[in-house]
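Single-structure report; data block below.
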Amino acid sequence: MSRREDAPVEFDLPIGAFPSWAAAALSSGAWEASPPADELEIEGEEGEDPALAFRRTLGMFATGVTVITTTSQDQVHGMTANAFMSVSLRPPLVLISVDGRAKMHALLNEGKRIGVSVLSEEQEALSDRFAGRPGAPGPEPSFEVVHETPLVEGALAHLVGRIRRSYWGGDHSLFLAHVEYAHYGQGNPLLFHGGHYEALSAPEGSILGALPPPMRERLLSAGDEHTYDAGETVIHQGDRGGEAFVILTGRALVVRDGREIARLGPGQFFGEVAMLDGRSRTADVVAESPLRAIALSRDIVKRALRSEPDLAWRVLEVLAGRIRG
Ligand code: FAD
C-alpha cells in the first residue's frame, strides 16, 4: 500500500487484521511516543493488582452506553460499547474504540456502515445482552433499518455512519465514522460508571414534602404566598437558587433545556435542592395555569432547622433515604 503524502502514517495500515497491522505499526516506529508499561505509575490500594487499578481509574470516567451494529452476510451483529465519542460537527464525525479480540473488530473496515444506538435507562438488559454477559433473560432485541443499517429499537438516539479512517489503539482499534443519519428521542440515558450501570436522575421525591405533616405545616407557615399568571416563569434555569416552593393551587411545568421533563400539581415541592445548596437551578419552572405557591427562602429554612433539632434530623434522614435509593 502506498503512503499518501497528506495522511499520517497510520492511514497506510489495513484494518481488519489487528495483530499484524498493530505489529506493523509498532515496527514502523509510528508509536515510539508510547511509554513502556513500566513507566506507568499507578497508585492503587495497597496490594491491588496494578492492571485492575488502571482499569478502575479509567472506570471513574462516567459514560453513556451504546450498541454498535453492523451486518455480515445479511446477519445483524451488535456489540455493547461505551467507548464512543463525538468528534466533529462539520464534517459530522464520531469515533468508537473496539477491542481487537471482539468479533465486531473483524467485521469493520473502511467504507463499512455502522449503527450506533444510545441506550435508554430502561435498556440495561440489552446492554448486557450485547456485551455477552449472562443475566436475566431480557426481551429479544429488535432492529429498525436505516440506510441499510440495523439500529436497536427503542434507543434514545440513533446514528448511522460510514467508517472513514481507522487508527491503532493498542489492544483496541479506533474507527472514525462519517455520520449520515442522526435521530434522537426523549428519555433518560443508561449510564456506566465504576463498572456499574447508573441512573441520571436522583430518586424521585421531595425532601421537604417527606417531612411528617406537623413539621411540614410549621415550616410552611413561615413562608410567603406568591401568585403567578399562566405562562409566567417561577424559576429560571441557571439562576442561583434561594427559595423552594410548594404549590397550593394550579399546575406547573418543569422544563430543562427547552424540554418538558415533569408536571407538578397541588402539594408538590420544587426548587428544594438549589435552595439547600445555593447552586444554579437545573430547570425552568413555568406556571401552566394560574398558580398559587408558598415560597420558603433559605434563611427561613435555616432558622427553622436551627430552632428545631428534630426537624433538622428528620431532613437528614430523608436525604439519607434518598442516597440509599
Ligand atoms: P459476541 O461476544 O459474539 O456478541 C456479543 C453479544 O451480543 C452476544 O451475547 C451475542 O449473542 C449478542 N448479539 C450479537 N448480535 C446479536 C443479534 N443480532 N441479536 C441478538 N443478540 C446479538 N468492548 C469494546 O471493544 N469497546 C467498548 O467500548 C466496550 N464497551 C463496553 C461497555 C459496557 C458497559 C460493557 C458491558 C461492555 C463493553 N465492551 C466493550 C465489551 C463488549 O461489549 C463485549 O466484549 C462483547 O461481547 C464483544 O462482542 P463481540 O463483537 O465479540 O461479539
Side-chain angles (χ1 to χ4, degrees), residues 15-19 21-22 51-52 54-87 93-110 112-161 163 165-177 179 187-200:
I15 59 174
F18 170 76
W21 68 262
L52 197 60
F54 183 50
R55 284 185 73 133
R56 286 187 175 141
T57 306
L58 299 177
M60 288 300 107
F61 183 61
T63 65
V65 181
T66 72
V67 173
I68 309 300
T69 38
T70 193
T71 50
S72 169
Q73 295 170 340
D74 290 338
Q75 296 283 310
V76 176
H77 182 69
M79 185 196 94
T80 300
N82 66 341
F84 162 81
M85 67 180 281
S86 57
V87 173
L93 297 172
V94 296
L95 187 83
I96 57 169
S97 174
V98 179
D99 193 317
R101 295 164 302 179
K103 186 173 165 195
M104 177 62 81
H105 191 276
L107 300 178
L108 300 182
N109 47 59
E110 283 174 27
K112 184 117 187 195
R113 282 200 180 107
I114 52 165
V116 179
S117 301
V118 179
L119 298 186
S120 74
E121 65 185 2
E122 293 88 28
Q123 293 180 309
E124 192 178 310
L126 281 182
S127 172
D128 280 345
R129 167 71 175 258
F130 286 106
R133 284 179 163 186
E140 272 303 303
S142 43
F143 303 95
E144 54 186 270
V145 177
V146 178
H147 288 218
E148 298 159 33
T149 308
L151 293 159
V152 175
E153 258 184 14
L156 204 54
H158 284 147
L159 297 145
V160 173
I163 295 174
R165 297 276 196 275
S166 70
Y167 306 88
W168 178 81
D171 52 16
H172 282 54
S173 297
L174 311 178
F175 296 95
L176 184 73
V179 178
N188 284 332
L190 180 63
L191 300 182
F192 196 65
H193 175 240
H196 302 286
Y197 297 114
E198 292 197 4
L200 186 64

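We count ligands from 1, going down the list as the structure has it; atoms in each ligand are counted the same way. Keep in mind that what you see is a predicted model, and the values were worked out from it rather than measured. Computed over heavy atoms, backbone and side chain alike; hydrogens, waters and symmetry mates excluded.
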Fill in: ligand 1 atoms in contact with A83 (distance to a heavy atom under 4.0 Å)
28 (O)

Worksheet entry | For P141, atoms of ligand 1 separated by under 4.0 Å from a heavy atom | 19 (N), 20 (C)

Discussion item. Checking V116 against F84 for the side chain to side chain contact (heavy atoms under 4.5 Å, CB included) test, could you report, in this order, the C-alpha distance in whole Å, the side-chain angles of both residues, the deciding distance, and whether it holds?
Written reply: CA-CA 9 Å; V116 179; F84 162 81; 3.9 Å; yes

Worksheet item: Under 4.0 Å from atom 2 (O) of ligand 1, is there any protein heavy atom?
Response: no

Practice prompt. Test S97 against H172 for side chain to side chain contact (heavy atoms under 4.5 Å, CB included), laying out the working first.
Written response: CA-CA 6 Å; S97 174; H172 282 54; 3.3 Å; yes

Practice prompt. Take Y197 and D128 through the side chain to side chain contact (heavy atoms under 4.5 Å, CB included) test and state the conclusion after the steps.
Written response: CA-CA 10 Å; Y197 297 114; D128 280 345; 2.8 Å; yes

Discussion item. Looking at T71, is its backbone amide N or carbonyl O close enough to the side chain of K112 to form a donor-acceptor pair, meaning the two atoms are under 3.5 Å apart?
Written reply: yes

Fill in: contact_flag R133 ligand 1 heavy-atom lt 4.0 Å
yes

Response to the item:
Applying salt bridge (charged side-chain N to carboxylate O under 4.0 Å, His left out) to R56 and not counting sequence neighbours gives E48

Worksheet, complete the sentence: The atoms of ligand 1 lying under 4.0 Å from a heavy atom of D99, numbered in the order shown, are 24 (C), 25 (O)

Worksheet item: Can you tell me the protein heavy atom closest to atom 15 (N) of ligand 1 and the distance?
Response: G78 N, 3.1 Å

Discussion item. Yes or no, since that's all I need: does a protein heavy atom fall within a distance strictly under 4.0 Å of atom 18 (N) of ligand 1?
Written reply: yes

Worksheet entry | Numbering as shown, the atoms of ligand 1 that approach F192 to under 4.0 Å (heavy-atom distance) | 34 (C)

Discussion item. Contact between V98 and S173 at the side-chain level, heavy atoms closer than 4.5 Å - yes or no?
Written reply: no

Worksheet item: Which residue owns the protein heavy atom closest to atom 22 (C) of ligand 1, what's the atom, and how far is it?
Response: F130 CE2, 3.5 Å

Discussion item. I need the atoms of ligand 1 closer than 4.0 Å to a non-hydrogen atom of K103, numbered in the order shown.
Written reply: 50 (P), 51 (O), 52 (O), 53 (O)

Item to complete: Take I96 and L108, measure what side chain to side chain contact (heavy atoms under 4.5 Å, CB included) needs, and give me the verdict at the end.
Response: CA-CA 11 Å; I96 57 169; L108 300 182; 4.2 Å; yes

Discussion item. Which of the numbered atoms in ligand 1 are under 4.0 angstrom from any heavy atom belonging to A102?
Written reply: 51 (O), 52 (O)

Discussion item. Regarding ligand 1, does N82 bring an N or O atom to under 3.5 Å of one of the ligand's N or O atoms?
Written reply: yes

Item to complete: Would you tell me which option among H77, M79, E140, H105 has the nearest heavy-atom contact to atom 4 (O) of ligand 1?
Response: H77

Worksheet item: Can you tell me how far CG of L93 sits from CG of L176, rounded to the nearest 0.5 angstrom?
Response: 5.0 Å

Worksheet item: Rounded to the nearest 0.5 Å, how far does CD of E121 lie from CG of L191?
Response: 8.5 Å

Response to the item:
Between the OG atom in S117 and the CD atom in Q123, the distance rounded to the nearest 0.5 Å is 8.0 Å

Worksheet entry | Contact atoms of ligand 1, heavy-atom distance to V76 under 4.0 Å | 15 (N), 17 (C), 18 (N)

Worksheet item: CG of L107 to CD of Q75: how many Å apart, nearest 0.5 Å?
Response: 11.0 Å

Practice prompt. Look up atom 11 (O) of ligand 1 and tell me if a protein heavy atom lies less than 4.0 Å from it?
Written response: no

Worksheet item: Should one rank G100, A81, S127 by closest heavy-atom distance to atom 27 (C) of ligand 1, which comes out on top?
Response: A81

Worksheet item: Among protein heavy atoms, which sits nearest to atom 39 (N) of ligand 1, and what does the distance come to when rounded to 0.1 Å?
Response: T80 O, 3.3 Å

Worksheet item: Can you tell me if T69 uses its side chain to pair, donor with acceptor, with the backbone of P150 under 3.5 Å?
Response: yes

Practice prompt. Around atom 21 (N) of ligand 1, find the nearest protein heavy atom and jot down its residue, atom name and distance.
Written response: R129 NE, 3.4 Å

Worksheet item: Between R101 and ligand 1, does any nitrogen or oxygen pair lie at a separation below 3.5 Å?
Response: no

Discussion item. Out of all atoms in ligand 1, which are within 4.0 Å of some heavy atom of V98? Include the element for each.
Written reply: 25 (O)

Item to complete: Going by heavy-atom distance to atom 36 (C) of ligand 1, choose the closest among S173, A131, P134, S142.
Response: A131

Worksheet item: F143: heavy atom below 4.0 Å from ligand 1, yes or no?
Response: yes

Worksheet entry | salt bridge (charged side-chain N to carboxylate O under 4.0 Å, His left out) partners of R129, counting only residues at least two apart | E140

Discussion item. Any side-chain to backbone donor/acceptor pair from H158 onto E153? Under 3.5 Å, distance only.
Written reply: no

Worksheet item: Which protein non-hydrogen atom lies closest to atom 26 (N) of ligand 1, naming both residue and atom, and how far is it?
Response: S97 O, 2.9 Å

